[in-house]
Amino acid sequence: MKRILIPTFLAGGLLAAGLAGTTTAAGAAGDVDSDTLAKDYAAVQKVLDFWSKSNYAALKQATAYNYDHVAEGTGVVMTGGYSADGKPGTVAPIGQEKKSPVKSQNVNLPKTIGKVFFLDGKGQPRWCSATSIQSQFRNLVATAGHCVYDEAANSGTLGYWVFVPMYYQGKAPAGIYVGKTAFTHYDYANYEDSDRDYAFVTVYNGLKFVDGKVVQVNGDDYDKFVGDKWVEAKQISEKEYLDGVSKYGPNGPYKKLIGDTNVESVNPPKATFADEEIVGKGGYAQGKDGVTVLGVEVTKAEYDRAPEATTAWKNGERCKPAFCDNDGVRVPISKEESDRLLKDKANGKFLGFLEVEKDKNGNEIAWYKTQYWVVKWVKATAPVKFVVEQYFVRDGGLVDVGRLGDNVGGQGFAYNQPTGKYVRVFGYPYEAHPDGNKPYTGVTPKWCYGKTSQKNVKVAAYKVEEQVALKCAMTGGANGGPWLSNYNNAKRLGYVNGVTSLFLDTDNNKRIDAISSPYFDGEAAGVYKAAAASWSGNILPTTK
């Protein structure tokens, strides 16, 4: 059992201030660290709004997280052996109250597993594997610590954290469970000690959207709406355009600007010009986002040569950011938009920069655009089109579907167990092997089966000295997935005795051949028990 100690030259003051828990006995309260993920309904609304809008587009766009945890050949050392810090212990899974053994040759996937989704330190949607686990209030998720805390950015917990059990292709059949509180070992949360790379997260009751009718709303209501919503562009007449500008002016309440008869729109009408010809102050002039001039996209070189923006809106000067959205700002976009803009750039319709972020294996993981705008007065030599953007929502209700454990069950928990025993590991592998081969899609869960190592896994790069290994070829995306001992194939239940932490290339041939997990000892049990006794419940406002 490894302990991280505070240096003696600091201990005198810090221990007296209440950090004595860093040297306490196994499983004591001082080993537990907790952080709030979503503290109230307002926070939960923001999380749901991000993941659910546009028919759960963000869930589908999310990519596997933290493939940096790959240890190759010479960096992996197997030595020594494990020593428990107390007597073995177990907590029975939900659903094992009545046992009825059934023999089966097929592997039935557990209903408890799924994906946890969150935003990484760069604001990109990511996912890991996880499972529902037994607890007092049937509200607990087990996953890897690095699927809760942002090691790379060293910036605390990951944002917009949710668990989706039985996830499949953007579907949440059992609802979405927003994280409330994350429990980890003190040494992991404060020192990134990967021998404690596990986390137990309490979640609020599951939430689902009941399908309803498509309704057009104004922008204010759109912003407040939590659920499936989208924006559509519609061409309007010149009269409607001029009436709108006349009624509301360039600084009016844009989100309530009339774009069609008795229809409110998200933004003011925009004039789209074909075959533009620059003249003086004449012709039609409609600025981007409602100003009385036209914001025209230019190259960065042209932008750098242009004069600074003034209140006079002189021809050729830089456009004010308040009217030209994201002027000179690096903006994250989807892969689909990046592909479309790449074609536009080839034919001169897009003048900005496109950037693609890749992981160390060359896989694209994030896409960005940067655009620049200047003020120009324009006369159209082709018919002018006036376009208004409109808000739509699917007016369904948000309902509480109950506790996680009641809906999908919960795996048991085991600690201080002997090594060299059979376990079954589940997860959603996705990433390519180090050699570039990519056998997994990340869409459906996979599994591995075998005996755990009886020697410690040591990987200095990740502060790993006593993890346990298993022969397995699953890759990134499976991290956080449960290691289940005594798995009952009929009941689809077992005991969580680890979670996938590292991916190992033990023979240095650029292929993952093993995975590793922290050894679940009495200290892991202490973190689990603190989380298992923490309540969450229904987060929706109650009505009388």
Side-chain angles (χ1 to χ4, degrees), residues 1-5 22 26 31-33 35 64-83 85 116 118 120-121 126 128-130 142-158 182-201 360 415 419 425 427 431 434 452-453 455-470 472 474-483 496-506 512 514-528:
M1 177 183 69
K2 180 178 70 175
R3 303 298 294 134
I4 291 182
L5 303 178
T22 55
D31 294 326
V32 181
D33 193 279
D35 284 280
Y65 183 66
N66 219 357
Y67 193 54
D68 290 340
H69 283 63
V70 177
E72 298 185 7
T74 55
V76 181
V77 178
M78 304 287 285
T79 184
Y82 295 92
S83 58
D85 60 0
V116 293
F118 46 82
D120 66 13
R126 305 287 193 180
C128 285
S129 299
T143 188
H146 68 260
C147 299
V148 174
Y149 284 89
D150 192 349
E151 288 186 19
N154 195 25
S155 60
T157 55
L158 297 157
F183 291 82
T184 59
H185 194 286
Y186 182 90
D187 289 352
Y188 184 81
N190 293 276
Y191 305 113
E192 296 180 2
D193 175 15
S194 289
D195 280 329
R196 314 297 181 199
D197 186 15
Y198 46 76
F200 302 97
V201 181
K360 68 177 184 180
Y415 59 98
T419 55
V425 179
E431 295 287 0
T452 59
S453 62
K455 291 185 177 181
N456 295 350
V457 176
K458 293 190 176 183
V459 184
Y462 299 109
K463 303 177 185 177
V464 169
E465 296 179 4
E466 49 185 33
Q467 286 198 4
V468 59
L470 176 74
C472 179
M474 288 198 293
T475 61
N479 41 323
W483 292 36
V496 178
N497 194 29
V499 291
T500 300
S501 175
L502 303 185
F503 300 93
L504 310 177
D505 172 14
T506 60
I512 301 301
I515 56 178
S516 67
S517 164
Y519 177 72
F520 275 18
D521 56 11
E523 293 180 18
V527 178
Y528 162 76

Please report the shortest heavy-atom distance between [X] and [Y], naming the atom on each side.
{"X": "Ala478", "Y": "Ser129", "answer": "CA-OG, 3.5 Å"}
{"X": "Val457", "Y": "Val464", "answer": "O-CG1, 3.2 Å"}
{"X": "Thr184", "Y": "Ala189", "answer": "OG1-CB, 3.5 Å"}
{"X": "Val148", "Y": "Ala199", "answer": "CG2-CB, 3.7 Å"}
{"X": "Pro518", "Y": "Val499", "answer": "CD-O, 3.5 Å"}
{"X": "Ile512", "Y": "Phe503", "answer": "CD1-CB, 3.8 Å"}

Quick check on the 6.0 Å ring-centre criterion: do Phe200 and Phe183 meet it? no

How about Phe118 and Tyr65: are their ring centres within less than 6.0 Å of each other? yes

Would you mind reporting whether [Y] and [X] have side-chain heavy atoms less than 4.5 Å apart?
{"X": "Tyr149", "Y": "Leu158", "result": "no"}
{"X": "Thr500", "Y": "Ser517", "result": "no"}
{"X": "Pro482", "Y": "Val425", "result": "no"}
{"X": "Tyr415", "Y": "Glu523", "result": "no"}
{"X": "Trp483", "Y": "Leu470", "result": "yes"}

Could you check whether Lys463 pairs with Asp193 (Lys NZ or Arg NE/NH1/NH2 to Asp/Glu carboxylate O, under 4.0 Å)? no

Thinking salt bridges, do Asp521 and Arg196 make one under a 4.0 Å N-O criterion?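 Here Asp521 pairs with Arg196 in a salt bridge, since their nearest N and O are under 4.0 Å apart.
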
Under a 3.5 Å distance rule, please check whether [X] uses its side chain to pair with a backbone N or O of [Y] as donor and acceptor.
{"X": "Ser453", "Y": "Ala469", "result": "yes"}
{"X": "Asp195", "Y": "Glu466", "result": "yes"}
{"X": "Asp197", "Y": "His146", "result": "yes"}

Is there a side-chain contact (heavy atoms from CB on, under 4.5 Å) between Ser516 and Leu504? Walk through the geometry before answering. CA-CA 7 Å; Ser516 67; Leu504 310 177; 4.1 Å; yes

In terms of side-chain heavy atoms, does Asn456 have a donor or acceptor partner in Tyr519 at a distance below 3.5 Å?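 There is no such pair between these side chains.
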
Answer yes if the side chains of Asp33 and His185 hold a donor-acceptor pair under 3.5 Å, and no otherwise. no

